[in-house]
Amino acid sequence: MRVAILASGSGSNAAALMNHFSNTEGIDVVLVGSNRSSSGVLEKANQAGVASLHFSREELDSGELLKKLETLKVDWVLLAGFLLKIPKEFCRAFENKILNIHPSLLPKFGGEGMYGMNVHRAVFEAEEKESGMTIHYVNERYDEGAIVFQGRIDVSELKSAEEIASEVLKLEHEYYPRVAREVILDSERNIK
Ligand code: GAR
């Protein structure tokens with residue numbers, strides 16, 4: 001299966017995915033794309049010897065990026081801290097073939113504007129006892145696709161949003177690669 005990773009931030013999840021899949025038979029990361037040219041993820045892709053691409057919001061919205069992925073025969077798209085909305089056409093072309101990771105226990109703390117530290121601050125301010133991460137399919141509405149996996153942690157003793165962020169990120173690195181691998185390889189088994 002040919003996989004593209006899209007990310008907007010530092011790319012630590014993308015790096016965890018590339019690292020894991022470099023030893024996974026049956027999964028090849030063929031492209032890492034980012035809408036931010038300064039995103040650390042492009043450098044991480046270069047270091048891993050994976051093709052990288054900077055694209056604009058217009059290229060995403062107009063279908064240019066979709067065309068590129070189709071030319072590269074991409075089967076699966078993994079969002080790893082990607083902050084732009086995936087357009088309808090794109091969702092349709094990759095129906096049930098896009099996964100996202102979100103740093104909360106959805107449906108709590110999801111929706112537009114809820115990303116990165118905004119999520120952890122909201123969790124901290126709401127004095128939640130637990131938080132975690134959600135891996136879910138992507139559809140046309142933010143954070144509403146079917147949930148594949150949730151990892152939970154006790155945050156009742158944590159003293160700041162930053163501490164929550166750091167613990168949740170560890171959970172993301174631990175589970176996203178393994179869960180994505182199972183989902184992708186399972187989909188291949190079902191086709192055969
Ligand atoms: C991760 O915590 C991911 O869950 C979150 O962005 C961070 C990216 O970190 N995604 C969202 O908030 C999506 N709504 P990274 O660049 O170090 O992988």
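Both counts, for ligands and for their atoms, begin at 1 and track the order of listing. Bear in mind that the values here come from a model prediction, so they are computed numbers and not experimental data.
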What protein heavy atom sits nearest [atom], and how far away is it?
atom                    : value
atom 12 (O) of ligand 1 : Gly116 N, 2.9 Å
atom 1 (C) of ligand 1  : Glu172 OE1, 3.1 Å
atom 6 (O) of ligand 1  : Gly81 CA, 3.6 Å
atom 16 (O) of ligand 1 : Gly11 N, 2.8 Å
atom 17 (O) of ligand 1 : Ser12 OG, 2.5 Å
atom 14 (N) of ligand 1 : His102 ND1, 3.3 Å
atom 10 (N) of ligand 1 : Ile101 O, 3.6 Å
atom 11 (C) of ligand 1 : Pro103 CD, 3.6 Å

Within one Ile-Leu-Val-Met-Phe-Trp-Tyr cluster: Ile101 and Ile27, side-chain cutoff 4.5 Å:
yes

Can you confirm, on distance only, whether ligand 1 has an N/O atom lying under 3.5 Å from any N/O atom belonging to Tyr115?
no

Contact atoms of ligand 1, heavy-atom distance to Ser10 under 4.0 Å:
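So the answer, numbered in order with elements, is 15 (P), 16 (O), 17 (O).
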
Do Glu70 and Lys67 meet the salt-bridge criterion of a basic N to acidic O distance under 4.0 Å?
no

Would a distance-only check, ignoring hydrogens and angles, find a side-chain to backbone donor-acceptor pair under 3.5 Å from Lys85 to Glu140?
yes

I'd like to know if the side chain of His54 reaches the main chain of Ser39, judged simply by a donor and an acceptor atom lying under 3.5 Å from each other, with no hydrogens or angles considered.
no

Rounded to the nearest 0.5 Å, what's the gap from [atom1] on [X] to [atom2] on [Y]? Could you check?
X      : Y      : atom1 : atom2 : answer
Leu84  : Leu6   : CG    : CG    : 9.5 Å
Met133 : Gln150 : CE    : CD    : 9.0 Å
Trp76  : Asn96  : CH2   : CG    : 7.0 Å
Met1   : Lys73  : CE    : NZ    : 13.5 Å

Is it the side chain (CB and beyond), the backbone, both or neither of Met114 that lies under 4.0 Å from ligand 1, heavy atoms counted?
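It is the backbone that gets close, since no side chain atom is under 4.0 Å.
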
